[in-house]
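Below, chains carry the letters A, B, ... as their sequence lines are ordered, and counting in each starts from 1. If you're wondering where the values come from, they're calculated on a predicted model, not measured in any experiment.
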Number of protein chains: 2
Amino acid sequence: MARAEHPSGRAATLSDVARIAGVSLATASKAINGRDQVAPATRRRVIEAAEQISFTPNELARSLIAGRTGTVGLLTNDLEGRFVIPILMGAEDAFGAGQVNVFLCDARGDAIREQHQLKALLNRRVDGIIVVGRQTDPRPSLGHDLPVPVVYAYAPSDDPTDVSVTPDNVAGGRMALEHLLACGRRRIAHISGDPAYAAAQDRAVGVREALADAGLELVGDVMFADWSEHWGRDASAMLLAQHPDIDGIVCASDQIARGVLDTLRDLGRRVPEDVAVIGYDNWEILATNSRPELTSIDANLQQLGRAAARRVFEAIDGIEGDAGTHALPVRLVIRGSTIPRR
Amino acid sequence: MARAEHPSGRAATLSDVARIAGVSLATASKAINGRDQVAPATRRRVIEAAEQISFTPNELARSLIAGRTGTVGLLTNDLEGRFVIPILMGAEDAFGAGQVNVFLCDARGDAIREQHQLKALLNRRVDGIIVVGRQTDPRPSLGHDLPVPVVYAYAPSDDPTDVSVTPDNVAGGRMALEHLLACGRRRIAHISGDPAYAAAQDRAVGVREALADAGLELVGDVMFADWSEHWGRDASAMLLAQHPDIDGIVCASDQIARGVLDTLRDLGRRVPEDVAVIGYDNWEILATNSRPELTSIDANLQQLGRAAARRVFEAIDGIEGDAGTHALPVRLVIRGSTIPRR
DNA sequence: CTGTTAGCGCATTCAT
DNA sequence: ATGAATGCGCTAACAG
């Protein structure tokens, strides 16, 4: 097994260093931590001794004294990791690599399990917690009687006195539609996903608002069903049968958009010349492999993670962030499904 | 901010409990930890006191004494999280939820960053480390002079004296081909991905072996390029132009298979009646949304995670696992692209 | 059965 | 500039 037969049998401690350097424990501590009350020569001896036995300070002991651990808990229900990974990366960015470490727990949508994980995180004395959901629908608050700050990411808390960061789906719907307008489209339909999702409703609101601002109306009703490619194929077939003259389709997910592209191709409609199609989520595996590649709205999840981490940090440092759900800006990623490649 | 104004100002400690219950620190400890040398009545008093002030034991202090933390580091380079999440879930399964917590660090393919993360994990005194790569090619070993056991998952270590668990790609290639044989196919081609990947080479080996065992030969050469849908579309077009009579295609990834399905559809070939297609990875988002749905090989990543966790555990408990790369079994998932739906 | 004592590894007083 | 002593929160010896 890849376990070192450490000469000492166990990890080196500061008192080992002190003994080798011929100084006291206190002096060794000061030397290692760069305190200024130690003679340069002494410091050098201590540091050499430390290197010699590969001493690394025990963060457990440090944390016990400091009262803070430099760890954060990431509590997720996002099984597929589609949302949690970019958020984790953003959090690592914000915390600074190696400065703060992240405990990742997956509650798997089970409230009991979530309570267990939460308790375990608190017992380990994390300095803060980020809760990540896999939908943008509000989720139950963990409550306020926790000894550490909590920030909700992607799925906001249902308690407005909590701090939540979530992508701005209304703005995303609006942005998608305005892009089609900018591409010269006027007869635009909207194929959405599961109507039970806040994301579906919010994006539809943005689409409608932007259309109204332009003095236009949606072609047909918003078509709700589920988030699948199958639905995208079926919905677009129905749509084109009823409204053969549409020239733009806003899809509420990239999966739906993939299905739409399929049907348009089957029906001999050119994309984007005849019909421009825009997806949502910018899920690269789907968006960059289609024919043509898919213009999409990106939720900036990594930035969302950074924002969540920053707010946790501020709270740890005692800075009162403003409570409520903060809708963060999204981003348009233009590809061939709305603008022809040259 | 969602921080409790904890009445005491800080978390309750065991001595708070002891004081309230009117017993000594040691007795409180025994009572809480279910030791048997304490009178039932006393235990009840202590537990009540603990609940009254919501005492939860400080794992830091416990770990400091025990010499083990009940934490494991998961060091990954898998940016997209496609592999690391199922592995994390498997690890949580094996460890038991809440028993062990996992530090997840993303080194982002940067060796320096990896060293930083590694050091941070060791300073936090994780009991073991699982290293996850995003390819099955061997990766540099972390070395043997670490104070904790290390197990490599998905990407094996290049040092055969390390412990690695990785999916059996040769068996997977073989399994894919044998399934097509079982479906009555005889004129079979293989469209693979980037030839620089061990996964591509290994799967091709399995395909060739199984063909040879059946006394057959591959139609054309193995076609290598990259892992994209684009390549799947192009490769299958070339393939059908040269060998119009093929009746089965083994694809080395689901993305490639999706492209192949597209081209077959464009060319008017029925799947699976005319040509059976099998993918690889069982990436559900791709496999379950295609027309028809895609038969695929699943690498059992969650099981891989469990295996890695189990081996880390055994090593922590001093059980010497057998070093080397362990190829774990994969699994066939049959859908409509090889067998017609009834 | 209960309490006293001694640490786990370290940082921080406060003396010298 | 250095070192002895104290304590972070807890468990494990022992002694009563």
Protein-nucleotide distance (B:Gln37, atom CD; C:dG3, atom P), rounded to Å: 13 Å

Separation of atom CG in B:Leu14 from atom P in D:dT11, rounded to whole Å: 6 Å

Touch class at under 4.0 angstrom, heavy-atom based, for A:Ser29 against every strand present: base

Pairwise 5' ranking along DNA chain C for B:Ala26 and A:Thr13, keeping only the more 5' one: B:Ala26

Distance in angstrom units between A:Arg68 CZ and D:dG9 P, rounded: 15 Å

Sugar-phosphate only, base, or nothing, as touched by B:Leu25 at under 4.0 Å among non-hydrogen atoms: base

Touch class at under 4.0 angstrom, heavy-atom based, for B:Ile65 against every strand present: base

Under 4.0 angstrom between B:Thr42 side-chain N/O and C:dT2 OP1 or OP2: yes

Rounded distance (Å) that lies between atom C1' of D:dC10 and atom CG of B:Leu64: 9 Å

Spacing of A:Asn58 atom CG relative to C:dC8 atom P, expressed in whole Å: 12 Å

Listed nucleotide nearest any side-chain atom of A:Asn33, set C:dT2, C:dA11, D:dT11: C:dA11

Nearest-Å distance for atom pair CZ/P, residues A:Arg44 and D:dA1: 14 Å

A:Ser24 side-chain N/O to D:dG3 phosphate OP1/OP2 under 4.0 Å: yes

Residues B:Asp93, A:Arg108: salt bridge by 4.0 Å N-O rule: yes

Lys/Arg N to Asp/Glu carboxylate O, B:Arg306 vs B:Glu92, below 4.0 Å: no

Candidate pair B:Thr42 and B:Thr27, rule side chain to side chain contact (heavy atoms under 4.5 Å, CB included), full reasoning: CA-CA 9 Å; B:Thr42 309; B:Thr27 304; 3.9 Å; yes

A:Leu60 CG to C:dC10 P, straight-line distance once rounded to whole Å: 10 Å

Protein-nucleotide distance (A:Lys30, atom NZ; D:dA1, atom P), rounded to Å: 10 Å

Any donor-acceptor pair under 3.5 Å from B:Asp317 side chain to B:Ile319 backbone: no

B:Arg35 vs D:dA12: side-chain N/O to OP1/OP2 distance below 4.0 Å: yes

Residues B:Glu59, B:Arg62: salt bridge by 4.0 Å N-O rule: yes

Phosphate contact (D:dC10 OP1 or OP2) by B:Arg62 side-chain N/O below 4.0 Å: no

Touch class at under 4.0 angstrom, heavy-atom based, for A:Ala39 against every strand present: sugar-phosphate

OP1 or OP2 of D:dG3 under 4.0 Å from side-chain N/O of A:Thr27: yes

